[in-house]
Novice: 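Mind having a look at this structure? Questions to follow.
Bear in mind that the values here come from a model prediction, so they are computed numbers and not experimental data. The basis for the numbers below is simple: all heavy atoms, side chains too, and nothing from hydrogens, waters or symmetry mates.
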Amino acid sequence: MTSIVNTDWLAEPVVRYPDKSAVNEHFSRAARSYDAHAILQLAVGRALVQRLPGELPVPTALDLGCATAPFARAQQQALPQVQWQAVDLSRVMLAEAAERGRLNDHYRPLCADAETLPLADASQGLVFSCFALQWCDPQRVMTEIHRVLAPGGRLLLALPLAGSLRELRDSWQAVNGRPHVNRLPALADWQAATQQAGFADAQLQQQVMVESYHSVKQIARRLKATGADHVSGATGLTGKNAWLAMVKEYESKRTEQGLPLTWNVLFLDAEKIG
């Protein structure tokens, strides 16, 4: 699940962690369209699957914030003896995963909040999460992941960091002084949360990825189709003229490839010691 930006461009944001009920609502609406439009998210997830370990200390694993569970088959092929749980805040996303034939006796759904998992301590051999936890408080969610992992258990995580969607943020900022983009935690926030949760030797890597689009409208549609159309505390209206001014500002950033949309992506690999 990805919640970063408001594609109802008329709303003004107030910076805070996104409200989970609103996040749930936006992702639920995007369940049918998610797979067809989550191009970058799926590419990042496939890269994360390549990092799966060959064995786990206990044969249980979570796909945390799984959305429609697009990696289910690859995860089960990599770890065929493992009992997976597909965890998501949105029941509609989990229903879509079931409709697409991705859930089974070894890959079962669990509707839950990543910050308060209804799971026993030290019960999981692996937590896998792709583009899902950026709407969480880093300290809370990392502490919860550390709690449910068994000693020797692994965390494989990818998510967007501060600096993502900067072209969109800067274009709105130039028009009305407001970014219209949720403020994401930075690398330092996740690094501190990882250490404080008890992960001693975590590996954190940043990778900048740039997508190219034909138009700002195409960017808006893509973000909305993946559920990334919520900004916490958004209120008020700016009007059509502000939208047109923002589009003009964004067009000034056009390159030979098209309109750029930058993502600053964190890849995190950690093991619970002891």
Side-chain angles (χ1 to χ4, degrees), residues 1-2 35 38-88 93-94 97-98 100-110 112 114 117-134 136 138 141-161 187 190-191 193-195 197-207 209 265-274:
M1 290 171 55
T2 307
D35 282 17
I39 295 172
L40 181 130
Q41 292 92 326
L42 295 177
V44 169
R46 287 191 290 269
L48 208 60
V49 167
Q50 296 302 312
R51 303 186 183 200
L52 286 171
E55 57 184 33
L56 305 180
V58 294
T60 50
L62 305 180
D63 186 344
L64 190 56
C66 65
T68 63
F71 312 113
R73 293 186 181 93
Q75 290 164 333
Q76 291 178 91
Q77 288 173 358
L79 293 165
Q81 305 305 317
V82 168
Q83 181 71 48
W84 286 83
Q85 289 191 87
V87 184
D88 205 90
M93 280 288 192
L94 294 173
R100 291 174 181 265
R102 292 167 179 167
L103 305 182
N104 54 54
D105 288 343
H106 295 283
Y107 207 97
R108 295 181 175 177
L110 173 62
L117 294 168
L119 299 169
D121 294 357
S123 60
Q124 304 300 313
L126 170 73
V127 173
F128 176 104
S129 184
C130 179
F131 266 58
L133 303 184
Q134 60 277 359
C136 294
V141 76
M142 292 303 292
T143 298
E144 185 68 348
I145 289 171
H146 190 271
R147 180 187 70 80
V148 302
L149 278 175
R154 288 274 296 280
L155 166 62
L156 290 175
L157 168 67
L159 51 75
L161 295 167
L187 174 65
W190 287 103
Q191 190 168 33
T194 301
Q195 292 173 348
F199 293 102
D201 298 312
Q203 299 177 20
L204 293 88
Q205 300 175 324
Q206 290 186 84
Q207 185 173 345
M209 300 179 169
V265 181
L266 167 66
F267 287 89
L268 189 156
D269 188 338
E271 180 178 347
K272 181 176 179 178
I273 307 299

Novice: Of all heavy-atom pairs between Arg100 and Arg73, which one has the smallest distance, and what is that distance?
Specialist: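 Scanning both residues completely, I find the closest heavy atoms to be O-NH2, 3.5 Å.
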Novice: Taking atom CD of Gln206 as the centre, does the number of heavy atoms from other residues, nucleotides or ligands within less than 6.0 Å exceed 12?
Specialist: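 More than 12 heavy atoms, drawn from other residues, nucleotides or ligands, come within 6.0 Å of this atom.
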Novice: Which heavy atom in Ala114 sits nearest to a heavy atom in Cys136, and how many Å separate them?
Specialist: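 Taking every non-hydrogen atom into account, CB-SG, 4.2 Å.
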Novice: Listed by chain and number, what are the ring pair (Phe, Tyr, Trp, His ring centres under 6.0 Å) partners of Trp190, not counting sequence neighbours?
Specialist: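 Partners of Trp190 by the ring pair (Phe, Tyr, Trp, His ring centres under 6.0 Å) criterion come out as none, since no residue qualifies.
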Novice: If you count every heavy atom of other residues, nucleotides or ligands that lies below 6.0 Å from Asp201 atom CG, does the total exceed 12?
Specialist: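 No, not enclosed.
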Novice: So how far is it from Leu79 CG to Trp84 CH2, rounded to the nearest 0.5 Å?
Specialist: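 Output value for this atom pair is 6.0 Å.
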Novice: With no hydrogens and no angle check, is any side-chain donor or acceptor of Gln83 less than 3.5 Å from a backbone partner on Asp105?
Specialist: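 Side chain of Gln83 to backbone of Asp105: a pair is present.
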Novice: Check whether any side-chain heavy atom of Leu126 sits under 4.5 Å from a side-chain heavy atom of Val82, and report yes or no.
Specialist: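 The answer is no, as the side chains (C-beta and beyond) never meet within the 4.5 Å cut-off.
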Novice: Atom CG in Leu268, atom CD1 in Ile145: separation rounded to 0.5 Å?
Specialist: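 Going from the CG atom of Leu268 to the CD1 atom of Ile145 covers 8.5 Å.
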Novice: Could you check whether any side-chain N or O of Gln134 sits under 3.5 Å from a backbone N or O of Ala132, counting only pairs where one atom can act as donor and the other as acceptor?
Specialist: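 Flag set: sc Gln134 to bb Ala132 pair under 3.5 Å.
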Novice: Rounded to the nearest 0.5 Å, what separates atom CG in Leu64 from atom CG in Leu155?
Specialist: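 CG of Leu155 is found 9.0 Å from CG of Leu64.
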Novice: Among all residues two or more places apart in sequence or in another chain, which pass the salt bridge (charged side-chain N to carboxylate O under 4.0 Å, His left out) test with Arg154?
Specialist: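 With sequence neighbours excluded, Arg154 shows a salt bridge (charged side-chain N to carboxylate O under 4.0 Å, His left out) to Asp269, given in chain and number order.
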Novice: About how many Å separate CD of Gln76 and CG of Asp63, when rounded to the nearest 0.5 Å?
Specialist: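 Asp63 atom CG to Gln76 atom CD measures 10.5 Å (nearest 0.5 Å).
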Novice: Could you go through the side-chain contact (heavy atoms from CB on, under 4.5 Å) check for Gln124 and Leu117 one step at a time?
Specialist: CA-CA 12 Å; Gln124 304 300 313; Leu117 294 168; over 6 Å; no
Novice: Roughly how far apart are Glu271 CD and Leu156 CG, rounded to 0.5 Å?
Specialist: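 Answer for the CD-CG pair, Glu271 versus Leu156, is 11.0 Å.
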Novice: Any chance you could measure Leu62, atom CG, to Leu149, atom CG, to the nearest 0.5 Å?
Specialist: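 So the CG of Leu62 and the CG of Leu149 are separated by 8.0 Å.
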Novice: Looking only at heavy atoms, which two atoms of Phe71 and Arg46 are closest? And how far apart?
Specialist: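 Looking at all heavy atoms of both residues, the closest pair is CE2-N, 3.7 Å.
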Novice: Closer than 3.5 angstrom, by distance alone: can the side chain of Ser129 be matched with the main-chain N or O of Gly65 as a donor-acceptor pair?
Specialist: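 Side chain of Ser129 to backbone of Gly65, a donor-acceptor pair under 3.5 Å: no, none is there.
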Novice: Going by the rule side-chain contact (heavy atoms from CB on, under 4.5 Å), which residues pair with Gln207 if we only count those two or more places apart in sequence or in a different chain?
Specialist: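 Partners of Gln207 by the side-chain contact (heavy atoms from CB on, under 4.5 Å) criterion, ordered by chain and then number, come out as Met209, Phe267.
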Novice: For the residue pair Leu157 and Met142, what are the closest heavy atoms and their distance?
Specialist: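 Result for this residue pair: CD2-SD, 4.5 Å.
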Novice: Heavy atoms only: give me the nearest Ala86-Leu94 pair and the separation to one decimal.
Specialist: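 The answer is O-CD2, 3.5 Å.
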Novice: What heavy-atom pair brings Cys130 and Leu48 nearest, and what distance separates the two atoms?
Specialist: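 Minimum heavy-atom separation between Cys130 and Leu48: CB-CD2, 4.2 Å.
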Novice: I'd like to know if the side chain of Arg102 reaches the main chain of Tyr107, judged simply by a donor and an acceptor atom lying under 3.5 Å from each other, with no hydrogens or angles considered.
Specialist: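 No; zero donor-acceptor contacts below 3.5 Å.
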Novice: In terms of ring plane angle, is the pair Phe199 and His146 parallel, tilted or perpendicular, where the classes change at 30° and 60°?
Specialist: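 Phe199 and His146: perpendicular rings.
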